[in-house]
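First up is the structure itself, then whatever we jot down about it.
Each chain gets a letter, A, B and so on, in the order its sequence line appears, and its residues count up from 1.
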There are 2 protein chains.
Amino acid sequence: MFLATIVNSLDAKGRVSVPADFRMAATHEDFNGVIIWPALNGGAFFEAAGYNYMLEMQNAIRALPLYSKERDKLQNAFFGEARKLSFDSNGRVTMPKDVLERLGVDGEIAFVGQGDSFQIWNAQTRQSAAQNIQFEAVPHLHHLGANQNIKTPKGGLS
Amino acid sequence: MFLATIVNSLDAKGRVSVPADFRMAATHEDFNGVIIWPALNGGAFFEAAGYNYMLEMQNAIRALPLYSKERDKLQNAFFGEARKLSFDSNGRVTMPKDVLERLGVDGEIAFVGQGDSFQIWNAQTRQSAAQNIQFEAVPHLHHLGANQNIKTPKGGLS
DNA sequence: CCATATAAACCCATGCTATCCCATATGAGA
DNA sequence: TCTCATATGGGATAGCATGGGTTTATATGG
């Protein structure tokens with residue numbers, strides 16, 4: 001499972017270490033690395049996952065009729081825009097130049113766990129976007145069996 | 001699996017390198033190359049795949065009665081219009097002149113992964129056609145288990 | 001059946017980039 | 001304090017895309 005937000009730095013060759021925990025979670029015998037694709041919800045990040053996740057997507061897409069509009073669009077968005085990034089012997093990946101540009105990377109990259117997948121951000125961008133994460137989750141906590149009315153006590157974490 | 005969009009250039013002899021990943025994915029012991037055919041949905045590209053994909057299509061067509069209208073039409077569109085392009089020792093294929101003309105190729109060729117197959121475009125044409133791919137996929141994401149209403153956050157990828 | 005033109009296949013060379021490999025720093029845990 | 005895993009830096013190597021010369025195949029005409 002992909003957990004936590006981890007920030008690592010891009011080196012002069014465009015490489016970045018994928019957090020060790022994430023490497024474990026992404027392990028697959030047929031491909032030693034991760035697959036990334038531009039966020040399908042239009043967010044300023046790339047989504048990423050192990051090969052296994054991709055195989056599941058492939059199965060879901062294969063269930064759609066050949067040449068149907070939905071299959072066509074999904075294949076283009078998913079397979080057409082995806083990249084395979086394989087780990088080097090130290091667990092790093094080389095980030096393609098155009099990906100770095102689209103992310104606006106300036107040195108630090110954030111890996112954000114999402115359970116079955118994770119996200120790749122420019123660390124700065126992530127920090128701005130993530131200011132109010134806990135509070136944004138509150139209206140949806142009932143899915144976890146929570147009370148409908150949660151009151152925020154005074155003096156939370158800084 | 002055919003993943004990513006890769007642009008390579010056509011040389012003076014009409015050759016183009018098939019991306020190494022695609023060569024791997026297309027590997028078949030009986031034919032070292034790819035098969036291409038004009039897009040069956042009428043798009044401005046050729047579809048392409050390894051020999052294996054072609055064998056599957058052949059099986060599907062064989063299931064139809066000989067001399068039936070549907071078998072006849074499919075055989076013509078598929079086998080009649082298809083070309084075998086074999087790899088040279090450096091992993092390139094020679095693009096037939098008429099294919100280049102139909103694609104309107106002006107030097108750069110785009111290979112677009114589609115999972116089980118891939119597409120071959122004039123790079124320019126592809127770029128124009130692919131501007132809003134992610135957003136066009138959104139209405140269909142529920143096939144992958146996604147929410148029906150996806151909100152695009154502010155400030156996406158460039 | 002041979003001669004010729006055209007195009008396809010083969011071969012080698014080059015530059016660029018990704019990958020490999022080794023070295024070092026840092027921090028966690030025994 | 002010592003050991004080990006991780007993150008990071010940098011030199012060496014291998015793979016890939018590309019250009020171009022040479023040879024082989026194929027089709028067409030005599």
*Lys/Arg N to Asp/Glu carboxylate O, B/Asp98 vs B/Arg83, below 4.0 Å*: yes
_From CG of A/Asp11 over to P of C/dT19, roughly how many Å is that when rounded to an integer?_
13 Å
_Side chains of B/Gln114 and A/Asn76 only: does a donor on one sit below 3.5 Å from an acceptor on the other?_
yes
_All pairs passing ring-ring contact (aromatic ring centres under 6.0 Å, His included) where residues 57-114 of chain B contributes a residue, at least two apart_ = B/Trp37-B/Phe78
*asked:* Nearest whole Å is fine: how far is C/dA7 P from B/Arg92 CZ?
replied: 18 Å
_Comparing B/Pro19 and A/Ser9 on DNA chain D - which has the more 5′ nearest nucleotide_ = A/Ser9
*Would you kindly give the CD1-to-P distance between B/Ile6 and C/dC16, to the nearest whole Å?*
20 Å
*In whole Å, what is the span from the CD1 atom of B/Ile109 to the P atom of D/dT18?*
10 Å
_Using whole Å, what does the distance between atom P of nucleotide C/dA8 and atom CG of B/Leu10 come to?_
12 Å
*NA contact type, A/Asp88, heavy-atom cut-off 4.0 Å: base, sugar-phosphate, or nothing?*
sugar-phosphate
*asked:* I want to check one thing: is the phosphate of C/dA8, taken as OP1 and OP2, less than 4.0 Å away from some side-chain N or O of B/Thr94?
replied: no
*Identify whether any heavy atom of A/Ser89 sits under 4.0 Å from a base atom; if not, whether one sits that close to sugar-phosphate; answer base, sugar-phosphate or nothing.*
base
*Take the protein atom CZ of A/Arg15 and the nucleotide atom P of D/dG10, then report the distance between them rounded to whole Å.*
9 Å
_Angle between ring planes, A/Trp121 versus A/Phe45, binned at 30° and 60°: parallel, tilted or perpendicular?_
parallel
*Name the residue closer to the 5' end of DNA chain D, choosing between A/Ala20 and A/Ala12 according to the nucleotide with the nearest heavy atom.*
A/Ala20
*Verify the contact: side-chain N or O of B/Ser86 to OP1 or OP2 of C/dA9, cut-off strictly under 4.0 Å; return yes or no.*
yes
_Categorize B/Val18 for me: base, sugar-phosphate, or nothing, with a 4.0 angstrom heavy-atom threshold over every strand shown._
sugar-phosphate
*asked:* I want to confirm an ordering. Mapping A/Val93 and B/Phe87 to their closest nucleotides on DNA chain C, which one lands closer to the 5' end?
replied: B/Phe87
*asked:* Test of understanding: clusters of I, L, V, M, F, W, Y form through side-chain heavy atoms closer than 4.5 Å, transitively. Do A/Leu74 and B/Ile133 belong to the same one?
replied: no
*Does any donor-acceptor pair link the side chain of A/Asn90 with the base of D/dT8 at a separation under 3.5 Å?*
yes
*asked:* Rounding to an integer number of Å, can you tell me how far B/Met95 CE sits from C/dA8 P?
replied: 12 Å
*Mind calculating the distance between NZ (A/Lys13) and P (D/dG11) to the nearest angstrom?*
8 Å
